[in-house]
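Notes follow once the structure below has been shown.
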Amino acid sequence: MVNTLLLILYALIGVVMAIAGIEAFRAKDNPARIGTGLFWEIMAVIFAFGTLMPAMVVGVLVVIIGILALFKQIQIGKIKPVDGAHAATAAKRLGGWVFVPSVVLAVVSIGVAQFTKLGGQVGIGICGGFVNCGYHHDEGAKWFYNDTQRMVRSVGAAGILPQLLGGSFYCCWGRITHGEIDFPTGSHLGGVILYYCGTLLTPMAANFNSLPVALLEMKDPLGVIKQQAPIAILLLIIQIGLMYFLAF
């Protein structure tokens, strides 16, 4: 049942990415609209049908994405901004309730993960869908289409960095634990430092460093990193120390 629900949720994510791809192809003011549209449609196929396709096919699709990125064929382009009047009306209507979805999503997903066999991913997907529909039930299908593709396209290729980071870390750590990569035996400090792989101050920490830049349309792509650098370095040192001295 869990796998089936996850397949459905990932298929829905694929639909959202396919919508972004359609609009990217239609954005004639984007000089890289073909590559950008192709990127989103490939991502849609991978998310929707990845588990149903041979690994080799998925790998080829990922390579194609890499080639598009290499030749700078994935660009956000100009995206129609949010309607200011509509946003102001919605903000006045919701007020402080705008923060409820984030809280509900966190609480429900943790509860589902702890007290059911569905797992956190299913909890986040189902809860997020219900909360979103509840907040925007009066907006209609047009709002869903326009706002969804605008949000996805504004994030751009940075949106897949968490998946790439997770996959890289999983592969590397798996090879270490299986003895395929030599690692100093008994080096607890080395293990802790490796676990905190330094992404606090790099674009690879996309959720914190790259996505806000895209969503807020910041002029400096490294603006978030520069602002959080002092605190991030301090926290990194403290966390490494806590894990090393308390865990071992």
Side-chain angles (χ1 to χ4, degrees), residues 2-79 119-122 124-126 128-129 144-176 178 180-181 197 199 202-215 221:
V2 174
N3 290 336
T4 301
L5 289 173
L6 285 176
L7 283 175
I8 294 173
L9 291 175
Y10 278 113
L12 291 175
I13 295 175
V15 171
V16 171
M17 291 182 171
I19 291 174
I22 292 172
E23 291 303 314
F25 279 126
R26 295 174 62 182
K28 295 183 179 180
D29 56 346
N30 185 354
R33 66 187 183 93
I34 301 300
T36 305
L38 186 59
F39 164 76
W40 285 118
E41 296 303 340
I42 290 176
M43 289 298 299
V45 171
I46 292 175
F47 267 80
F49 307 107
T51 58
L52 304 178
M53 297 187 299
M56 180 62 71
V57 175
V58 177
V60 170
L61 293 177
V62 172
V63 170
I64 294 175
I65 289 177
I67 294 174
L68 291 173
L70 177 65
F71 289 97
K72 298 181 180 180
Q73 293 303 303
I74 305 174
Q75 300 180 19
I76 296 176
K78 295 181 181 179
I79 300 176
Q121 288 180 308
V122 174
I124 291 174
I126 294 177
F144 173 82
Y145 184 94
N146 291 332
D147 223 42
T148 297
Q149 63 90 19
R150 179 187 62 80
M151 178 68 70
V152 174
R153 289 174 60 205
S154 65
V155 171
I160 67 170
L161 288 179
Q163 289 89 344
L164 295 177
L165 176 61
S168 300
F169 185 82
Y170 176 81
C171 292
C172 292
W173 188 252
R175 293 183 64 190
I176 290 173
H178 285 84
E180 297 177 23
I181 297 179
C197 45
T199 58
T202 71
M204 283 300 289
N207 289 342
F208 306 101
N209 298 337
S210 298
L211 298 189
V213 172
L215 294 176

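Everything quoted here is computed from the prediction, not taken from an experiment.
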Can you tell me how far [atom2] of [Y] sits from [atom1] of [X], rounded to the nearest 0.5 angstrom?
| X | Y | atom1 | atom2 | result |
| --- | --- | --- | --- | --- |
| Ile13 | Ile8 | CD1 | CD1 | 12.5 Å |
| Phe49 | Leu7 | CZ | CG | 10.5 Å |
| Asn30 | Ile74 | CG | CD1 | 11.0 Å |
| Leu68 | Ile34 | CG | CD1 | 11.0 Å |

**Prompt:** So do the side chains of Ile65 and Ile46 get within less than 4.5 Å of each other, counting heavy atoms only?
**Reply:**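 Yes, close enough: below the 4.5 Å cut-off.
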
**Asked** Does some side-chain heavy atom of Leu12 sit less than 4.5 Å from a side-chain heavy atom of Val16?
**Response**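 No, too far: nothing below the 4.5 Å cut-off.
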
Non-hydrogen atoms of [X] and [Y] that approach each other most closely:
| X | Y | value |
| --- | --- | --- |
| Gln149 | Ala20 | CB-CA, 4.1 Å |
| Ala44 | Gly14 | CB-O, 3.1 Å |
| Tyr10 | Phe47 | CB-O, 3.3 Å |
| Ile76 | Arg153 | CG2-O, 3.4 Å |

Main-chain N/O of [Y] paired with [X] side-chain donor or acceptor, under 3.5 Å:
| X | Y | value |
| --- | --- | --- |
| Thr36 | Gln75 | yes |
| Glu41 | Ile22 | yes |
| Arg33 | Phe25 | yes |

**Asked** Should Ile79 and Glu23 be marked as a side chain to side chain contact (heavy atoms under 4.5 Å, CB included) after you check the CA-CA gap, both sets of side-chain angles, and the distance that decides it?
**Response** CA-CA 10 Å; Ile79 300 176; Glu23 291 303 314; over 6 Å; no

